[in-house]
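First the structure, in the form of structure tokens, and then the observations on it.
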Amino acid sequence: MSKRTRLDSDFLRMLIILIALLIFAGVTRGSAFMSVLNFQTIGKQLTEYGLMALGLAMAMITGGIDLSTVYIANLCGALAALMMKSMAPQGQIGGILLACGVALIVGLICGGLNGFLVSVVKVPPMLATLGTYELFYGITIVLSNGKSITSIAAFKKFASTMVFKVPLPFIIFVVAAIILSIIVSATPFGRRLHLVGVNAKAAAFSGVNNVKVITMAYMTSGLLSAIAGLISLSRVASVKADFGSSYVMMTILIAVLGGCDPNGGWGEIPGVATAVIVLQVISAYLNTIPWINNYYRQALYGLLLLGFMTYKYYRVKGRRR
């Protein structure tokens with residue numbers, strides 16, 4: 001099976017699962033699930049961890065991982081909230097845009113630091129991003145004094161904006177997924193990204209600048225995390241240093257479900273983006289069943305991750321035979 005066929009099959013598999021889930025939810029829950037309001041809620045809630053999952057996928061394709069996405073998001077959100085309160089207390093558009101711009105730059109810098117540690121210092125990706133997530137977490141605690149930082153009233157409207165009844169955050173997620181899909185599948189950078197993940201030494205001998213490719217992958221992850229942090233700040237109307245800590249496992253689960261190989265070299269964005277929607281549809285379906293405790297959800301996600309990684313391991317092992 002060719003690489004392209006395999007990648008297409010990952011996306012096709014997730015699409016079939018999504019369609020089956022929607023049919024099952026419609027039959028079993030009816031109007032409690034199949035409503036415009038419910039789908040709008042799904043679109044709003046998946047955006048933050050969906051963007052972080054796309055960024056994680058970029059790192060995973062190179063053979064790495066990014067455990068710091070949530071804490072980059074919280075750091076950027078906290079910084080933006082403080083700047084807005086200082087420069088745009090009455091909702092001045094210039095102050096809001098400046099705060100958002102600074103937050104995005106900080107996200108790029110945080111991603112660049114991860115990329116530098118992985119590609120130049122040669123720290124294993126898991127240890128590098130585990131260390132930086134503690135760093136970013138600590139900086140956010142210092143900025144917030146360990147408390148929640150509320151958003152200004154004008155910025156709260158951003159996440160609730162609808163464009164033809166479609167939530168604006170979901171549109172941002174779709175646009176990001178489309179742009180990344182084109183970059184990863186149809187540009188020289190995308191080919192280098194996969195080559196580095198398959199065999200970094202071979203990529204270097206082929207003339208690929210591994211440091212540049214890996215650093216750009218992690219910077220992309222940092223930028224997407226910063227966007228997620230701004231959307232979260234608007235949607236929740238506040239930010240805290242440890243907000244969304246459960247998203248770390250969710251983003252890993254999504255990337256693996258979407259076709260990314262934890263060992264690197266494999267993965268495309270359409271499969272990952274569809275996996276984001278699948279996971280949120282499952283979550284929304286469980287919300288319609290009152291006797292299912294929300295705490296069971298994390299156990300379900302853990303079982304899904306273990307099960308699917310086991311399946312992929314034996315699938316690859318079978319091919320090699």
Side-chain angles (χ1 to χ4, degrees), residues 1-54 56-57 60 165-167 169-171 173-174 176-178 180-181 185 246-247 249-262 266-316 318-319:
M1 182 182 289
S2 69
K3 176 181 175 182
R4 177 58 56 191
T5 303
R6 177 185 171 185
L7 296 177
D8 286 346
S9 70
D10 290 324
F11 168 60
L12 182 60
R13 181 186 64 247
M14 293 313 303
L15 190 60
I16 291 171
I17 292 173
L18 176 59
I19 294 171
L21 278 173
L22 291 173
I23 293 172
F24 176 77
V27 171
T28 58
R29 303 305 297 171
S31 60
F33 183 88
M34 304 296 287
S35 66
V36 173
L37 180 60
N38 188 44
F39 284 118
Q40 288 175 337
T41 302
I42 289 173
K44 289 178 183 178
Q45 292 180 342
L46 66 79
T47 304
E48 290 123 64
Y49 67 81
L51 288 169
M52 289 185 280
L54 295 179
L56 174 67
M60 196 172 281
K165 295 188 178 181
V166 179
F170 181 71
I171 294 175
F173 168 74
V174 171
I178 291 172
L180 285 182
S181 295
S185 63
S246 63
Y247 288 168
M249 190 190 75
M250 287 181 67
T251 56
I252 296 172
L253 171 60
I254 288 166
V256 174
L257 283 175
C260 291
D261 189 334
W266 299 99
E268 289 290 335
I269 300 302
V272 176
T274 310
V276 172
I277 301 173
V278 165
L279 213 62
Q280 187 57 44
V281 167
I282 292 174
S283 178
Y285 179 79
L286 295 177
N287 286 338
T288 66
I289 305 176
W291 51 268
I292 294 184
N293 192 306
N294 284 338
Y295 295 113
Y296 295 154
R297 204 165 304 173
Q298 292 303 118
L300 174 62
Y301 294 158
L303 287 172
L304 280 173
L305 180 58
L306 287 172
F308 200 77
M309 289 188 72
T310 302
Y311 160 75
K312 291 199 75 169
Y313 169 77
Y314 283 105
R315 184 184 176 191
V316 172
R319 279 206 193 98

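All figures in this text were calculated on a predicted structure; none of them were measured in a lab. Numbering starts at 1 and runs along the sequence shown.
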Subject >> Partner set under side chain to side chain contact (heavy atoms under 4.5 Å, CB included) for L18, not counting sequence neighbours >> reply: L22, T274, I277, V278, V281
**OP:** Of all the heavy-atom pairs spanning A53 and V276, show the shortest one and how long it is.
**Re:** CB-CG2, 4.2 Å
Subject >> Among L12, I17, I16, the one residue meeting side-chain contact (heavy atoms from CB on, under 4.5 Å) with M14 >> reply: I17
Subject >> Results of side chain to side chain donor-acceptor pair (under 3.5 Å) for Q45 - residues two or more places apart only >> reply: Q280
**OP:** Show the numbers, then the answer: is there a side-chain contact (heavy atoms from CB on, under 4.5 Å) between V272 and F11?
**Re:** CA-CA 8 Å; V272 176; F11 168 60; over 6 Å; no
Subject >> Residues that S246 engages under side chain to side chain donor-acceptor pair (under 3.5 Å), provided they are two or more places apart >> reply: none
**OP:** For F33, check ring-ring contact (aromatic ring centres under 6.0 Å, His included) against everything at least two apart and list the hits.
**Re:** F39
Original post:
What is the minimum heavy-atom distance between V256 and P262, and which atoms define it?
Top reply: CG2-CG, 4.2 Å
**OP:** Using the side-chain contact (heavy atoms from CB on, under 4.5 Å) rule, take F170 and I42 through it: C-alpha gap first, then chi angles, then the decisive distance, then the call.
**Re:** CA-CA 9 Å; F170 181 71; I42 289 173; over 6 Å; no
Original post:
Between L257 and A275, what is the shortest heavy-atom contact and its length?
Top reply: CB-CB, 4.1 Å
**OP:** Output the distance between atom CG (L46) and atom OG (S283), rounded to the nearest 0.5 Å.
**Re:** 10.0 Å
Original post:
Side chains of M250 and L279: does their closest heavy-atom pair fall under 4.5 Å?
Top reply: yes
Original post:
Just how far is it from atom CG of L51 to atom CG of L180, taken to the nearest 0.5 Å?
Top reply: 9.0 Å
Subject >> For A25 against Y285, the heavy-atom pair lying closest together >> reply: CB-CD1, 3.6 Å
Subject >> Contacts of type ring-ring contact (aromatic ring centres under 6.0 Å, His included), residue Y49, not counting sequence neighbours >> reply: Y247
Subject >> Heavy-atom side-chain proximity of I269 to S185 below 4.5 angstrom >> reply: no
Subject >> Selection residues 29-41 - residue pairs positive for side-chain hydrogen bond (donor to acceptor under 3.5 Å, both in side chains), sequence neighbours left out >> reply: R29-T288
